Peer 1: 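Sharing a structure here in structure tokens format.
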Amino acid sequence: MRNRASSHILILLLIVVLTAISHYAIHYGALIRGYETSTMTAFRNIGLLFFLAVLPIFLTRFAKFQGNWTLYTSAILLFSIGLTVQYRLFSDPEYVSKKDKAEARQEKIKTAQMHYIQQYYSAEKKQIMGLPPSPPSEVDLSKETPRPAEDSLFGTLFSGRTLIPLFAIACFIGVIWLFRRDDVLDILQKNGFLLVVLTLVPLLLAAVTSRAGKSIGNMTPWEPAKIPFLIGFAAILSVLYKNLARTYWGIPRAKDVIPLVFMAVLPFFPFFVLKDFGQMMVFSSVYVTLYVIAVRRLPQRFVLVGSVLLLVGVLVVGALPEKTQEKIPLLPTLAKPVKTVLPDRIQQRFHLWLDGFNPPTPETDWWKDDYDDYYKDLVKKDPNLPNLLQEDPNLQKSINVDAWFDILAFQPAQATFGLSSGGTTGRGLGLGYVELIPVSDSDYIYAAIGEELGLFGGLLVTFALITFVAAGVRTALEARDMFSKLCAAGLTAFIGFQALVNMGGITRALPMTGITLPFVSHGGFSLITSFVMLGMLMAFSHRNSVDKQIEAELITQNR
Amino acid sequence: MTLLLFLLQTSWKPETWFGGQVLERTPAGLSIVYLIGVAVLLVLLFLSFLRNVRLKFAFEENLPKEVKRKLSSTVTNRSLKIWQFIFIALALTVYGFHVYWTYYADKNNEQFQALSYKDLRNRRTNAARLRGWMLDRSGKLGSALAFYKVGKDGMVDRTFALEKEMAHILGTERGTPGLERTLYKQEADPMPEAWEILTKIKKPEEEQRDVRVTLDRDLQAFAAQQLQGKKGAIVVINPQNGDVLAMYSNPSFALSEAETLEGYLKLEGDKMNKPLLSRSTREYYVPGSTFKTLTMMSAFRAGQESLMFPDLAAPECYTPFKNSRPICDAGGSCEICSTSVPLREAYKVSSNQYFAQLANALGRTRMGETAQLVGIAPVETPDDALSQGFYPDIWNASNKRIANSIAPIRSTMVTGSKLTLYDFGLEGMGQGLAGQMTPFQMALVAAAAGNLQGNLMKPRIEADIPPQIYAQVLTPDQAAQVREIMSTVTEEAGGTGGVVRSKLSGTGISTGGKTGTAEKQAIVYDQKTGKAKTVTKKRKNENGEMVEYEDIVKYERTDGWFICIAPLENPQVAIAVVVEDIGGKFGGQTAAPIAADVILKARELGLLGEQYKPKTQPTKKKNK
């Protein structure tokens with residue numbers, strides 16, 4: 001099993017087979033619950049994966065690609081898991097429909113009940129219930145009429161769910177072709193600063209115009225901007241890293257430090273305005289990674305790592321729940337100024353992260369508005385409520401708990417319950433209740449994996465990710481020049497950290513932020529970005545092996 | 001090849017792929033196949049990656065070691081490798097959190113456990129799972145108490161035959177659980193994992209989740225009818241085996257009203273009527289004279305049933321000690337002034353003086369012992385008396401959940417040594433610090449006397465479990481004597497419960513009982529607003545200034561009681577009836593007629609035994 005395209009194609013084809021099996025499991029599980037899944041979509045997914053499985057043939061034959069296929073295969077493996085879970089979710093009428101959610105839910109419940117009645121109720125009981133009296137009998141799914149899936153060839157073929165992956169693949173191929181050329185890399189390396197500024201302008205415009213962030217539906221059009229930022233930073237760092245080592249009394253020259261800091265800070269402005277804190281988290285960890293890798297002096301590393309840790313510490317301490325703060329002397333007074341500065345959204349996320357099962361008091365400033373709205377709705381239904389509240393102070397507490405778990409904590413709490421119910425092997429595809437978690441196709445897809453495929457499924461995703469990162473790191477190790485080395489390391493770190501931030505948010509190792517799990521989550525721009533990054537990594541990998549061959553030829557010639 | 005294809009076509013039955021049994025096996029099995037397959041592929045992938053040795057440039061190899069270490073690419077590569085390890089460690093840490101939520105949160109995280117009711121999955125599995133049917137004591141499907149029906153919208157609806165009459169017993173889906181949420185067999189694991197579905201879950205041979213309860217559907221409905229327009233409670237128990245035949249508290253509510261949060265809050269907020277409160281098991285009443293039955297039982301247990309009290313201190317009342325307030329008979333009459341009245345006569349006319357003296361003569365230990373034997377907790381101080389919580393252990397139930405769901409609050413009496421003789425004397429006649437009795441508890445007191453063996457049977461609500469003895473309270477002989485004395489109240493001229501005899505005349509049923517009338521401090525409610533009435537009063541605060549404050553207005557509410565057993569020679573029902581706020585009337589006028597009607601209904605239903613069943617209406621046959 002060397003790095004031959006053929007063995008990877010074999011693995012990829014097996015992935016196609018396994019995905020077909022998983023899709024059938026979902027189809028069958030759906031029948032048990034009384035609805036049909038879309039056959040078109042299933043074939044579309046299989047077709048897409050099949051295309052991706054045979055793509056290496058073309059790349060090796062016609063594009064003479066020689067890079068490391070492990071990157072590709074592990075990414076496609078993640079992608080196939082994502083497709084499976086998305087198929088599960090998008091075929092569920094309760095998850096998809098906006099208006100008839102309750103009706104779809106009732107229908108599922110009814111199907112389960114009717115199956116039970118058919119199997120176990122005697123004829124007399126059925127008669128009392130108002131059903132035709134028939135003796136208990138087995139359920140035969142083939143004789144039932146499930147709720148039909150909304151299926152149309154045109155709709156499936158030209159939906160965003162088909163076109164976006166296809167576009168992503170096209171981008172992927174284009175990027176491989178582009179980035180294996182020396183001249184392209186040269187231009188990029190020399191114009192890093194310009195690149196960043198050029199990206200910044202439209203991004204800032206977008207940030208100013210779209211207030212809440214997610215402007216076009218659930219999309220994040222600024223997602224691809226990550227790539228030029230990264231290239232710019234790598235370009236500057238690859239020029240400056242040697243100068244940084246030249247210190248005067250332990251301090252590097254200002255003219256070396258300032259551009260670097262400038263480049264590092266720039267991307268944070270648009271993301272801060274867009275309130276995309278997940279991206280900020282990923283960016284900072286990637287920058288730290290690159291800096292630590294490139295800079296040699298230990299003290300300089302510590303300065304950076306130390307200051308990042310300090311910042312994170314201040315954030316965490318400031319957002320710690322009050323109850324925890326009170327346990328440590330002086331902490332509440334220290335945390336107060338931080339608290340007033342921190343945006344509401346960060347405080348909410350931190351509370352959910354550190355103390356998510358404990359609702360804040362209704363007086364808490366970042367929770368007050370939501371609570372008041374909830375309370376007003378209740379009063380509308382029962383005008384007597386304020387009187388009751390006066391008599392019974394415990395009532396407010398229970399309303400607060402209800403409000404908390406209905407509004408802010410709803411999604412994370414349901415996700416955690418989902419993880420918990422999944423156990424080791426999961427509930428089985430189509431047998432869990434992943435449809436209860438809102439947007440579990442994108443941000444919360446790891447929760448859906450944890451529920452239906454269990455700890456085992458989570459472990460597979462984690463290992464696929466580790467394999468991908470290991471392959472990416474090897475690409476960086478083999479890189480000949482500093483720029484491509486830093487680029488490769490940065491891209492790998494980007495995908496790796498993005499996945500960790502996403503998974504950590506769901507498992508509550510980190511605060512939840514709205515970023516996607518690369519390759520797995522359903523997404524528009526994020527999927528395209530991920531595939532472009534994959535393409536770049538593979539281009540770098542290709543360059544490495546070409547370099548190696550040239551070198552080998554040189555050596556044989558000299559002998 | 002074609003043969004193989006043909007074979008595949010004929011055996012294309014996905015149900016049977018993983019051994020049949022339940023339908024869920026197919027997707028569960030397939031997803032495990034999927035998981036294993038992906039795992040194998042990942043291992044293959046990783047192996048291929050490891051064997052694919054990293055490319056190294058030749059010039060790197062040939063350099064001397066010292067130079068190599070200083071080479072910038074080597075330094076960077078070393079950092080990269082370290083970073084890789086850090087990343088793997090971080091990834092595994094994140095995964096560790098996943099492991100925490102799946103394995104440990106269930107068991108160790110208390111907050112997580114306490115909030116599991118917020119898990120919508122539970123609601124979904126509960127909604128999809130059909131409960132068993134609740135059948136009344138006849139066990140016929142036709143007289144089911146709780147069952148399913150297909151509604152107008154085609155949905156399967158849980159339907160209750162006695163939605164309002166049994167609301168407190170069934171319990172709401174929102175508040176504290178009742179039988180509806182506890183009675184039925186629980187599925188071992190409502191949310192099994194895939195491998196459990198594959199290996200453990202089999203199709204059960206015969207699914208029987210229906211439960212037969214001891215209640216009689218008609219008697220329960222009848223009891224509810226009797227209390228219409230009144231506040232109060234009725235408890236009917238079979239003293240011989242502990243079957244609860246009927247148990248009702250008014251005002252009640254329809255379960256459908258409590259379904260929505262708003263409806264529930266409305267019911268909860270009705271402080272004037274407290275419809276959610278089960279008065280039969282969870283409200284304290286002053287038992288009044290009915291408590292004399294317990295004092296009498298204590299006397300029998302102590303062998304002091306022939307005590308008489310010839311030397312009264314004050315001429316007409318009992319004065320326990322010098323300067324004490326006297327304890328007099330009701331209305332200032334003097335029932336035992338002749339000084340040689342025996343227990344039997346004193347019980348019949350319900351003499352307060354006699355029973356106060358009897359209690360003091362028996363002492364706190366003996367009274368406390370008897371109380372304990374019928375399920376009442378003897379406590380040291382008045383503060384303890386209100387903090388004894390629920391008493392599920394009184395029930396004969398197949399599991400703790402069921403007992404908890406219908407547990408009465410524990411009735412208590414104070415038997416501490418610090419009480420004065422006056423206070424304890426009052427308790428002996430059912431006033432003062434013995435005022436924490438539930439109607440359910442008083443029905444048990446009657447049941448203990450009504451049992452032929454003198455045992456208190458544990459009450460039971462499930463009909464298909466064997467009866468259990470709670471305690472031997474009296475000897476069979478003593479029990480017979482107690483019953484005979486109880487019959488004086490209802491059967492003899494001059495007894496306070498004479499109305500029962502007149503109602504039952506001609507049926508051949510003789511009964512025993514005890515009336516009671518008791519005052520309790522109660523809050524005055526405004527009939528229009530439903531709020532507690534208050535008056536503005538003034539008092540001095542800490543600074544000595546006069547401040548105004550709102551004080552709740554209270555009044556002395558009179559409650560009427562009646563406990564009884566019937567038929568006397570072999571009691572099949574022990575009944576306790578409480579009617580709140582009867583004004584100037586007595587228990588014998590308000591509660592006793594209701595009990596008499598219940599006995600008549602029980603007779604008609606055949607619950608008293610075949611020989612008492614009215615022969616004139618053979619068509620109304622209900623029970624075997």
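Proteins come first, then strands; the chains are lettered A, B, ... in the order of their sequence lines, and each starts at number 1. Since this is a predicted model, take the numbers as computed values, not measurements.
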Peer 1: Which atoms of A/Ile437 come close to chain B, meaning under 4.5 Å heavy atom to heavy atom: side chain ones, backbone ones, both, or neither?
Peer 2: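 For A/Ile437, the contact with chain B is made by the side chain alone.
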Peer 1: Look up atom CD1 in A/Ile15 and atom CG in B/Leu45, then write down how far apart they are to the nearest 0.5 Å.
Peer 2: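 One gets 7.5 Å once the value is rounded to the nearest 0.5 Å.
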Peer 1: Hey, are the side chains of B/Trp101 and A/Phe417 touching, using non-hydrogen atoms and a 4.5 Å cut-off?
Peer 2: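 B/Trp101 vs A/Phe417: side chains apart.
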Peer 1: Please list all pairs meeting side-chain hydrogen bond (donor to acceptor under 3.5 Å, both in side chains) that have one or both residues in residues 449-467 of chain A, counting only residues at least two apart or in different chains.
Peer 2: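 Sorted result for residues 449-467 of chain A: A/Arg88-A/Glu452, A/Glu451-B/Arg121.
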Peer 1: For A/Ser142, is it the side chain, the backbone, both, or neither that has a heavy atom closer than 4.5 Å to a heavy atom of chain B?
Peer 2: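 A/Ser142 has no heavy atom closer than 4.5 Å to chain B.
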Peer 1: Below 4.5 Å from any heavy atom of chain B, which atoms of A/Ala413 appear? Answer side chain, backbone, both or neither.
Peer 2: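 It is neither, since no heavy atom gets under 4.5 Å.
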Peer 1: Compare every heavy atom of B/Pro27 with every heavy atom of A/Tyr28, then report the nearest pair and how far apart it is.
Peer 2: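 Distance-wise, the nearest heavy atoms are CD2-CD, 3.4 Å.
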Peer 1: Name the member of B/Leu141, B/Val150, B/Ile86 that forms the most heavy-atom pairs with chain A at distances under 4.5 Å.
Peer 2: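 Ranked by heavy-atom pairs under 4.5 Å with chain A, first place is B/Leu141.
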Peer 1: I'd like to verify something: which residue of A/Ala464, A/Gly430, A/Ala470 has the highest number of heavy-atom pairs under 4.5 Å with chain B?
Peer 2: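 Heavy-atom pair counts peak at A/Ala470.
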Peer 1: Counting heavy-atom pairs under 4.5 Å to chain B, which of A/Leu510, A/Ile21, A/Leu460 comes out on top?
Peer 2: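 Of the candidates given, the most pairs with chain B belong to A/Leu460.
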Peer 1: Considering only heavy atoms, give the residues of residues 28-38 of chain B separated from chain A by less than 4.5 Å, sorted numerically, with 'none' for an empty result.
Peer 2: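 Only B/Ala28, B/Leu30, B/Ser31, B/Val33, B/Tyr34, B/Leu35, B/Ile36, B/Gly37, B/Val38 of residues 28-38 of chain B have a heavy atom under 4.5 Å from chain A.
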Peer 1: Counting heavy-atom pairs under 4.5 Å with chain B, which one of A/Ile506, A/Ile26, A/Ile32 comes out on top?
Peer 2: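 Heavy-atom pairs under 4.5 Å are most numerous for A/Ile32.
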Peer 1: Using a cut-off of under 4.5 Å for heavy-atom pairs, which of A/Leu429, A/Leu455, A/Leu500 has the most such pairs with chain B?
Peer 2: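 Highest number of pairs under 4.5 Å: A/Leu455.
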Peer 1: If you define the side chain from C-beta out and look only at heavy atoms, does anything of A/Tyr433 sit under 4.5 Å from B/Asp119?
Peer 2: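 In short, these two side chains do not touch, never coming nearer than 4.5 Å.
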Peer 1: Looking at B/Phe97 and A/Thr507, what are the two nearest heavy atoms and their distance?
Peer 2: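 Result for this residue pair: CB-O, 3.4 Å.
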Peer 1: Can you tell me which portion of A/Leu131 sits under 4.5 Å from chain B's heavy atoms? Options are side chain, backbone, both or neither.
Peer 2: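 Only the side chain of A/Leu131 comes within 4.5 Å of chain B.
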Peer 1: Below 4.5 Å from any heavy atom of chain B, which atoms of A/Thr424 appear? Answer side chain, backbone, both or neither.
Peer 2: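 Both backbone and side chain of A/Thr424 come within 4.5 Å of chain B.
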Peer 1: Look at B/Ala144, B/Ala39, B/Gly263, B/Gly151 and state which one has the largest set of heavy-atom pairs under 4.5 Å with chain A.
Peer 2: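 Sorted descending by pairs with chain A, the first entry is B/Ala39.
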Peer 1: Decide yes or no for B/Leu265 and A/Leu395: does some side-chain heavy atom of the first lie under 4.5 Å from some side-chain heavy atom of the second?
Peer 2: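 With C-beta onward as the side chain, the pair touches.
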Peer 1: Rounded to the nearest 0.5 Å, what's the gap from CZ on A/Arg105 to CG on B/Leu120? Could you check?
Peer 2: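 Answer rounded to 0.5 Å: 8.5 Å.
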Peer 1: For B/Leu80 versus A/Val473, what's the shortest heavy-atom pair and its separation?
Peer 2: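 So the two residues come closest at O-CG1, 4.2 Å.
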Peer 1: Check whether A/Lys126 gets within reach of chain B through its side chain, its backbone, both or neither, counting any heavy atom under 4.5 Å.
Peer 2: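 Interface part for A/Lys126: neither.
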Peer 1: I'd like to know which of A/Ser122, A/Gly450, A/Gly422 tops the heavy-atom pair count under 4.5 Å against chain B.
Peer 2: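 Top count of heavy-atom pairs under 4.5 Å with chain B: A/Gly422.
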Peer 1: Using heavy-atom distances under 4.5 Å, tell me whether A/Ala409 contacts chain B through its side chain, its backbone, both, or neither.
Peer 2: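 Interface part for A/Ala409: neither.
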Peer 1: Considering only heavy atoms, which portion of A/Asp402 lies under 4.5 Å from any heavy atom of chain B: side chain, backbone, both, or neither?
Peer 2: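 Backbone plus side chain of A/Asp402, per the 4.5 Å heavy-atom cut-off to chain B.
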Peer 1: If we define contacts as heavy-atom pairs under 4.5 Å, which of B/Phe46, B/Phe112, B/Tyr103 has the most with chain A?
Peer 2: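 With the most close heavy-atom pairs to chain A, the winner is B/Phe112.
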Peer 1: How long is the span from the OH atom in B/Tyr148 to the CD atom in A/Gln113, to the nearest 0.5 Å?
Peer 2: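 Rounded to the nearest 0.5 Å, the OH-CD separation comes out at 6.5 Å.
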Peer 1: Under 4.5 Å between any side-chain heavy atoms of A/Gln106 and B/Asp153, yes or no?
Peer 2: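 The answer is no; the side chains never approach within 4.5 Å.
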Peer 1: Chain A: which of B/Thr159, B/Thr93, B/Thr260, B/Val156 shares the most heavy-atom pairs with it under 4.5 Å?
Peer 2: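 With the most close heavy-atom pairs to chain A, the winner is B/Val156.
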Peer 1: Quick one: which of B/Ala105, B/Ala532, B/Gly154 has the most heavy-atom pairs under 4.5 Å with chain A, could you say?
Peer 2: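 Between B/Ala105, B/Ala532, B/Gly154, the count favours B/Gly154.
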Peer 1: Go through the structure and list residues passing salt bridge (charged side-chain N to carboxylate O under 4.0 Å, His left out) with A/Arg427, not counting sequence neighbours.
Peer 2: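 Checked A/Arg427 against salt bridge (charged side-chain N to carboxylate O under 4.0 Å, His left out); zero matches.
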Peer 1: Tell me, do A/Ile128 and B/Phe147 make a side-chain contact under 4.5 Å, heavy atoms counted?
Peer 2: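 Touching, per the 4.5 Å side-chain cut-off.
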Peer 1: Quick one: what part of A/Leu431 sits under 4.5 Å from any heavy atom of chain B, side chain, backbone, both or neither?
Peer 2: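 The side chain, not the backbone.
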Peer 1: Using non-hydrogen atoms only, which part of A/Ala493 is less than 4.5 Å away from chain B: side chain, backbone, both, or neither?
Peer 2: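 Both parts, backbone and side chain.
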Peer 1: Could you check whether any side-chain heavy atom of B/Phe87 comes within less than 4.5 Å of a side-chain heavy atom of A/Thr492, counting everything from C-beta outward?
Peer 2: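 B/Phe87 vs A/Thr492: side chains apart.
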Peer 1: Residues in ring-ring contact (aromatic ring centres under 6.0 Å, His included) with B/Tyr95, at least two apart?
Peer 2: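 B/Tyr95 satisfies ring-ring contact (aromatic ring centres under 6.0 Å, His included) with B/His98 once adjacent residues are dropped.
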Peer 1: Please tell me if the side chains of A/Trp69 and B/Ser48 come closer than 4.5 Å, counting only heavy atoms from C-beta onward.
Peer 2: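 A side-chain contact is absent here, since even the closest heavy-atom pair is not under 4.5 Å.
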Peer 1: Chain A heavy atoms under 4.5 Å from B/Ile197: which part of the residue, side chain, backbone, both or neither?
Peer 2: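 The side chain, not the backbone.
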Peer 1: At a 4.5 Å cut-off on heavy atoms, which part of A/Phe497 comes close to chain B: side chain, backbone, both, or neither?
Peer 2: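 It is both, since atoms from each part get that close.
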Peer 1: Between B/Glu193 and A/Thr425, what is the shortest heavy-atom contact and its length?
Peer 2: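 It is OE1-N, 3.2 Å.
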Peer 1: Using side-chain heavy atoms (C-beta onward) and a distance below 4.5 Å, is B/Lys118 in contact with A/Trp404?
Peer 2: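 No, too far: nothing below the 4.5 Å cut-off.
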Peer 1: With chain B, which of A/Leu459, A/Thr73, A/Leu77, A/Val139 has the greatest number of heavy-atom pairs at distances under 4.5 Å?
Peer 2: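 Highest number of pairs under 4.5 Å: A/Leu459.
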Peer 1: In Å, rounded to the nearest 0.5 Å, how long is the span from OH of A/Tyr120 to CG of B/Leu130?
Peer 2: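 It comes to 11.5 Å.
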Peer 1: Over all heavy atoms of both residues, which pair between B/Asn77 and A/Lys485 is shortest? Give the atoms and the distance, please.
Peer 2: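 Taking every non-hydrogen atom into account, OD1-NZ, 2.6 Å.
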Peer 1: Which region of A/Gln127, side chain (C-beta onward) or backbone (N, CA, C, O), has a non-hydrogen atom less than 4.5 Å from a non-hydrogen atom of chain B, or is it both or neither?
Peer 2: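 Nothing of A/Gln127, per the 4.5 Å heavy-atom cut-off to chain B.
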Peer 1: Kindly give the heavy-atom pair with the smallest separation between B/Thr102 and A/Gly423, and that separation in Å.
Peer 2: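 Between these two residues, the closest heavy atoms are CG2-N, 3.4 Å.
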